[in-house]
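Below, each value reflects all heavy atoms present in this structure, side chains not excepted, and no hydrogens, waters or symmetry copies. This structure is a prediction, so every number in the text was calculated from the model and none was measured.
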Amino acid sequence: MTTEGPDPSTYRIPSLARRLVVAALIAVALLVFIVIVPFELLTRLSGFGIITPLAATTVVGAGVVITGFAVARHILKPTRAYGPVSIAGSAFGLAYLYFISRNASAMIQSHDATVTLTYGTVFLLLVVVPMLNLAAAVTTTVEDVQHPGERLPFDYPA
């Protein structure tokens, strides 16, 4: 008897159609919370004379990329491509949060004074999340190479 992987009767992978529907729901939620809301916030702040060095186009572009990685991760979860896509998404998230932390300031100008608020430390603290995701993605990739299909009964129990 060969050990080619786990017994397929011990797991049940959702169909591609189901994964696509769930991925579409994930995309809508992420686009609202990491693209539309920040864009509107930056637009409204600039309307009040609060200037930030972070361009709205940067927020929109990065949000779309992060959403793309999240959707791809969900669709590819039962495959060996899940780990590498997760690594790429986590690395992009790390780079984006670091970029934001370097540019996280707001300048409020009035006729008499200018006040600058910096909040980069908050984003540096948030870097912990993609760092942990990156470690998990590397581990998943290594495990998928060494033991193909081993995680399927845990991710998709029958």
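- Looking at every heavy atom in both residues, Arg80 comes nearest to Val145 through NH2-CA, 3.4 Å.
- Put simply, the side chain of Met107 does not reach to within 4.5 Å of the side chain of Pro53, judged on heavy atoms.
- Looking only at side-chain heavy atoms (C-beta outward), Phe99 and Leu54 come within less than 4.5 Å of each other.
- With hydrogens and angles ignored, the 3.5 Å screen pairs no side-chain donor or acceptor of Thr118 with any backbone N or O of Gly120.
- Within a 6.0 Å sphere centred on CZ of Phe92, heavy atoms belonging to other residues, nucleotides or ligands number more than 12.
- Across every non-hydrogen atom of Val127 and Tyr98, the tightest pair is CG2-N, 4.4 Å.
- For the side chain to side chain contact (heavy atoms under 4.5 Å, CB included) with Tyr11, the lone residue among Pro157, Pro78, Pro153 that qualifies is Pro153.
- Looking at Tyr96 and Val59, their side chains come closer than 4.5 Å, going by heavy atoms from C-beta outward.
- Residues Ile36 and Leu42 do not share a hydrophobic cluster, clusters being chains of Ile/Leu/Val/Met/Phe/Trp/Tyr side chains in contact below 4.5 Å.
- Both Leu30 and Val22 are assigned to one and the same hydrophobic cluster, defined by single-linkage of ILVMFWY side chains at heavy-atom distances under 4.5 Å.
- Contact annotation: the side chain of Arg19 approaches that of Ile13 to within less than 4.5 Å [non-hydrogen atoms, C-beta and beyond].
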Is there a side-chain contact (heavy atoms from CB on, under 4.5 Å) between Phe33 and Val28 once you walk through the steps? CA-CA 9 Å; Phe33 288 108; Val28 168; over 6 Å; no

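- Taking CG of Leu152 as the reference point, atom CD of Glu150 lies at 10.0 Å (rounded to 0.5 Å).
- The CD1 atom of Ile51 sits 10.0 Å away from the OG atom of Ser105 when rounded to the nearest 0.5 Å.
- Apart from Val71 itself, the hydrophobic cluster it occupies contains Leu16, Leu20, Ile75, where clustering links Ile, Leu, Val, Met, Phe, Trp and Tyr at side-chain heavy-atom distances under 4.5 Å.
- When hydrophobic clusters are built by joining Ile, Leu, Val, Met, Phe, Trp and Tyr residues whose side-chain heavy atoms come closer than 4.5 Å, directly or via intermediates, Val85 is grouped together with Leu94.
- Across all non-hydrogen atoms, the minimal contact from Thr141 to Ile87 is OG1-CD1, 3.5 Å.
- Note that OG of Ser90 is 5.5 Å distant from CG of Leu134, once rounded to the nearest 0.5 Å.
- Hydrophobic cluster membership differs between Val37 and Ile66, with clusters built from Ile, Leu, Val, Met, Phe, Trp and Tyr side chains linked at under 4.5 angstrom.
- Annotation: the span from Thr114 atom OG1 to Ile108 atom CD1 amounts to 10.0 Å, rounded to 0.5 Å.
- Follow the hydrophobic side-chain contacts under 4.5 Å out from Leu132 and you never reach Leu126; the two are in separate clusters.
- At least one side-chain heavy atom of Tyr82 sits under 4.5 Å from a side-chain heavy atom of Arg151.
- The minimum heavy-atom distance linking Thr67 with Leu31 is given by the pair OG1-CD2, 3.8 Å.
- Side-chain contact between Leu97 and Pro130: present, with at least one pair of heavy atoms (C-beta onward) separated by less than 4.5 Å.
- Across Phe69 and Ala88, no two heavy atoms sit closer than the pair CE2-CB, 3.6 Å.
- Between Ile26 and Ala70 the shortest heavy-atom distance is CG2-CB, 4.4 Å.
- Atoms CG and CD1, from Leu124 and Ile100 in turn, are 11.0 Å apart once rounded to the nearest 0.5 Å.
- Here the CG atom belonging to Asp144 is positioned 6.5 Å from the OG1 atom belonging to Thr140, to the nearest 0.5 angstrom.
- With Arg12 contributing its side chain and Tyr156 its backbone, the two residues share no donor-acceptor pair below 3.5 Å.
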